[in-house]
Amino acid sequence: MRRLLFAPLLAFLLLLVGCSDDLRKVADANHKLSEVMPKIREATIAANAAGQLSDADAFKIRDICIKIDHAGKEASTVTRAYTQLDPGAKVSISAIVTPLLAAVDNALSSGLAGVSDPNVAANIRGLLNTARAALAVIQAIVGTQSANQFHHLEVAWQA
Amino acid sequence: MAGLSFFNPNTLSLVTQLISLGAGIVTIIRHKDGSLSILQVLDETDTNYNADLKAWADFTASKAAVQPPATPIKPIGEPGTPGA
């Protein structure tokens, strides 16, 4: 009988470990993203200094990178606030990552169109793809649900 | 004394429960360790982002320093200026 009482406790503890593993994966993916961003900056500034990338194009890439940096920091702050990846954490992180993925996709599809040097464009595109892969890992864990969707659920629950 | 015999079903049940409790404590400790590791990862992540943002700010400042003024400043008194 007592064993039956312990079973839910053990199940809960295992669930806790599972959730913290997901949180760890999000933190690791965000860390990987933070390691890619300086490489994109270095490639951009080097190409600009070498005259292979105009100031205007360098500023376009800079603006995307700054957006990712701020969002990554925000995701880091949100991750710190949780000890497990519960639905609230997923919504908060998804709300940060989803628009960021769209911004990176936009940069990959059209934002680099102005980069005249094909080697520079390919290098930066490759690095942005690495950043995108890290963001995709986070999105795969937290899902694509928006805060708005959950707001509707919250309203329905309160009603 | 017979109640503490290892082969007594009650004792076996107690041992099983103690093992379960031990496993639970280990799980909690592992979780705590994992959380600490996550904090270290997040600290490093923030450091990377902050360094990148600072480097971009430096790049922007270096570009602004070499930019010519948007409109040339005419000395007062030249034709086309208010003091002429």
Side-chain angles (χ1 to χ4, degrees), chain A residues 1-3 5-7 9-21 23-42 44-45 48-49 55-56 58-59 61-66 68-84, chain B residues 3-72:
Chain A
M1 183 64 187
R2 284 187 202 171
R3 262 184 255 177
L5 291 172
F6 271 92
L9 177 67
L10 276 176
F12 171 74
L13 289 169
L14 287 171
L15 188 69
L16 204 65
V17 170
C19 289
S20 71
D21 281 352
L23 199 67
R24 176 61 195 247
K25 283 177 194 167
V26 169
D28 285 344
N30 196 10
H31 182 256
K32 185 168 184 165
L33 183 65
S34 77
E35 287 180 329
V36 176
M37 300 317 293
K39 292 178 184 169
I40 298 175
R41 170 177 45 79
E42 284 161 12
T44 303
I45 293 175
N48 178 255
D55 284 355
F59 289 158
I61 296 166
R62 175 204 62 186
D63 291 347
I64 293 165
C65 288
I66 287 175
I68 294 173
D69 284 342
H70 282 299
K73 277 183 71 176
E74 204 181 330
S76 171
T77 305
V78 170
T79 312
R80 275 178 203 277
Y82 292 91
T83 53
Q84 56 181 315
Chain B
L4 289 175
S5 167
F6 187 75
F7 297 102
N8 184 311
N10 288 335
T11 309
L12 271 176
S13 172
L14 183 67
V15 168
T16 310
Q17 286 170 16
L18 284 172
I19 290 170
S20 300
L21 186 64
I25 291 168
V26 168
T27 307
I28 290 169
I29 291 168
R30 273 191 58 207
H31 174 63
K32 194 173 167 57
D33 281 350
S35 297
L36 285 173
S37 298
I38 287 176
L39 284 180
Q40 286 168 346
V41 167
L42 292 173
D43 283 345
E44 205 174 300
T45 302
D46 286 345
T47 304
N48 289 346
Y49 284 132
N50 286 333
D52 199 46
L53 284 167
K54 188 185 179 308
W56 276 123
D58 290 346
F59 171 70
T60 306
S62 72
K63 286 291 168 187
V66 296
Q67 291 289 328
T71 51

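The basis for the numbers below is simple: all heavy atoms, side chains too, and nothing from hydrogens, waters or symmetry mates. Chain identifiers are assigned alphabetically (A, B, ...) following the order of the sequence lines, protein sequences preceding nucleic acid strands; residue numbering begins at 1 within each chain.
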Interatomic spacing from OG in B:Ser62 to CG in A:Asn48 - rounded to 0.5 Å = 8.0 Å
Closest non-hydrogen contact found for A:Ala27 with B:Ile38 is CB-CG2, 4.0 Å
Any chance you could lay out the side-chain contact (heavy atoms from CB on, under 4.5 Å) test for A:Arg41 and B:Phe59, step after step, and finish with the verdict?
-> CA-CA 10 Å; A:Arg41 170 177 45 79; B:Phe59 171 70; over 6 Å; no
In this structure, CH2 of B:Trp56 is separated from CD1 of A:Ile40 (nearest 0.5 Å) by 8.5 Å
Side chains of B:Tyr49 and A:Asn30: does their closest heavy-atom pair fall under 4.5 Å?
-> yes
Go through the structure and list residues passing side chain to side chain donor-acceptor pair (under 3.5 Å) with A:Thr77, not counting sequence neighbours.
-> none
Between CG on residue B:Asp52 and NZ on residue A:Lys39, distance to nearest 0.5 Å | 12.0 Å
A:Lys73 side, atom NZ; B:Thr47 side, atom OG1 - distance, nearest 0.5 Å | 9.5 Å
Name every donor-acceptor pair, under 3.5 Å, that has one atom in a side chain of residues 31-38 of chain A and the other anywhere in the protein, sequence neighbours excluded.
residue	atom	partner	partner atom	Å
A:His31	NE2	B:Glu44	OE2	3.0
A:Ser34	OG	A:His31	O	2.6
A:Ser34	OG	B:Asn48	ND2	2.9

Over all atoms of both residues, closest heavy-atom pair of B:Asp46 and A:Ser76 = OD1-OG, 2.9 Å
Roughly how far apart are B:Leu42 CG and A:Thr79 OG1, rounded to 0.5 Å?
-> 5.5 Å
Nearest 0.5 Å please: distance from the CG atom of A:Asp69 over to the CG atom of B:Leu53.
-> 4.0 Å
